[in-house]
Amino acid sequence: MTSLPATGALSAEIDRLVRDVEGFPKAGVTFKDITPLLDDHAAFTAVVQALADAGRDAEGRVVVDKVVGMEARGFILAAPVALALGVGFVPVRKPGKLPHETRSVSYELEYGQETLEMHLDALDEGDRVLVVDDVLATGGTAAATVSLVEQGGGTVAGLAVLMELGFLPGRETVGALPLTVLHTV
Ligand SMILES: O=P(O)(O)OC[C@H]1O[C@H](OP(=O)(O)OP(=O)(O)O)[C@H](O)[C@@H]1O
Ligand SMILES: Nc1ncnc2[nH]cnc12
């Protein structure tokens, strides 16, 4: 393990370690590939710690009961954030993947249409939830997840993402939620 980048340098590290792939998954899209960042232990650790801070108050106390992450890349960040905070992890998955009873929400993506599902019994009434994902683009995924959390009886305490695509309206789509963004392009 190498040393962690200082907080002010994290955005620059993310910029350095997230690779642009032109034309994936379709023409006109510049895909933000996080795999080089995941392969860098210090940067991955710093990102998880910074995202987990969104689930703490100013004194460092954990203020959420659950972390919710979205399939697939959201899982990679959200599960270690849940472990860092000492709370449970709830998966939001693509259709037909969750084995028990689910509710679902459909939405538009930058490059298509998608549906997400969450188990009906994933949350307890009043659970405070931190939603964690890699990319905030149109905001459709995050807004659908917020809807699933709220329908499940939870309250979204915050949305924390590695990267915001600032030229897309994700921020507006998710509305007045506390939003933590580690890097904006
Ligand atoms: O703000 P939005 O426009 O909704 O886009 C952001 C979402 O798009 C990507 O997921 P994707 O559906 O491509 O799935 P993956 O994680 O399985 O690659 C990304 O991981 C976010 O979840
Ligand atoms: N351009 C993009 N790169 C990576 N993930 C995304 N999710 C939505 N848009 C994306």
Side-chain angles (χ1 to χ4, degrees), residues 10-11 13-40 43-44 47-48 50-52 54-55 66-82 89-99 102-119 122 129-152 154 156 158-185:
L10 186 55
S11 172
E13 273 297 88
I14 295 168
D15 192 49
R16 185 176 72 84
L17 290 167
V18 173
R19 171 167 62 189
D20 281 1
V21 181
E22 301 297 338
F24 182 90
K26 67 179 190 187
V29 175
T30 302
F31 189 85
K32 298 295 178 182
D33 176 17
I34 66 169
T35 61
L37 185 147
L38 299 175
D39 194 31
D40 183 309
F44 190 12
V47 161
V48 168
L51 293 171
K66 296 275 171 64
V67 172
V68 168
M70 303 81 127
E71 182 174 1
R73 280 172 280 149
F75 289 175
I76 300 168
L77 299 176
V81 167
F89 168 71
V90 172
V92 161
R93 296 210 64 178
K94 304 208 167 144
K97 297 288 188 181
L98 288 169
T102 60
R103 64 169 52 83
S104 62
V105 170
S106 296
Y107 63 100
E108 297 296 324
L109 200 64
E110 190 189 1
Y111 37 74
Q113 223 251 336
E114 193 51 89
T115 298
L116 288 178
E117 297 184 341
M118 189 172 75
H119 273 148
V129 169
L130 177 65
V131 177
V132 174
D133 205 353
D134 63 335
V135 174
L136 179 67
T138 66
T141 304
T145 302
V146 168
S147 174
L148 287 170
V149 168
E150 290 176 349
Q151 288 180 56
V156 178
L159 168 65
V161 297
L162 169 71
M163 175 173 291
E164 175 186 15
L165 306 188
F167 53 88
L168 290 171
R171 199 169 267 272
E172 289 72 43
T173 306
V174 298
L177 283 181
L179 176 61
T180 300
V181 173
L182 304 187
H183 180 62
T184 302
V185 293

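Every number for a ligand or one of its atoms is a count from 1 in the order of the listing. Reckoned from all heavy atoms, side chains included, excluding hydrogens, waters and symmetry mates. Being a predicted model, the structure only gives us computed values, none of them experimental.
Under a 3.5 Å cut-off, the side chain of T173 and the backbone N or O of T138 do form a donor-acceptor pair. The closest donor-acceptor contact from the side chain of T145 to the backbone of T141 lies under 3.5 Å.
For ligand 2, the atoms lying closer than 4.0 Å to a non-hydrogen atom of R73 are 4 (C), 5 (N). When each atom of ligand 1 is checked for a heavy atom of G139 under 4.0 Å away, the hits are 1 (O), 2 (P), 3 (O). Which parts of ligand 2 touch A137 is read off a 4.0 Å heavy-atom cut-off, strictly below it: atoms 8 (C), 9 (N).
By the criterion of a heavy-atom distance under 4.0 Å, both the backbone and the side chain of T138 are placed next to ligand 1. Counting heavy atoms closer than 4.0 Å to ligand 1, residue D134 contributes side-chain atoms (C-beta onward) but none from N, CA, C or O. Contacts of R73 with ligand 1, taken as heavy-atom pairs under 4.0 Å, involve both backbone and side chain. Contacts with ligand 1 closer than 4.0 Å are made by backbone heavy atoms (N, CA, C, O) of E71 only, the side chain lying farther away. Here T30 has backbone heavy atoms under 4.0 Å from ligand 2, and that is the only part of it that gets that close.
Looking at every heavy atom in both residues, E164 comes nearest to V181 through CB-CG1, 3.6 Å.
Considering both main-chain and side-chain atoms, D134 never comes within under 3.5 Å of ligand 2 through any nitrogen or oxygen pair.
Ligand 2 has at least one atom lying under 4.0 Å from a heavy atom of L165.
Counting only non-hydrogen atoms, the option in P169, A137, A142, A72 that gets closest to atom 5 (O) of ligand 1 is A137. Within the set M163, E164, K94, the minimum heavy-atom distance to atom 17 (O) of ligand 1 is found for K94. Between L116, L162, I76, D133, it is D133 that holds the heavy atom closest to atom 21 (C) of ligand 1.
A salt bridge links E71 with R93: the closest approach of a Lys/Arg side-chain nitrogen to an acidic carboxylate oxygen falls below 4.0 angstrom.
Under the salt bridge (charged side-chain N to carboxylate O under 4.0 Å, His left out) rule, R73 has a single partner from D133, D134, D33, which is D134.
With contacts defined as side-chain heavy-atom distances shorter than 4.5 Å, the pair V105/T115 does not qualify. The shortest side-chain heavy-atom distance between M163 and V18 falls under the 4.5 Å cut-off.
Q151 CD to M118 CE: the interatomic distance, rounded to the nearest 0.5 Å, is 8.0 Å.
For the residue pair S11 and H183, a side-chain donor N or O sits within less than 3.5 Å of a side-chain acceptor on the partner.
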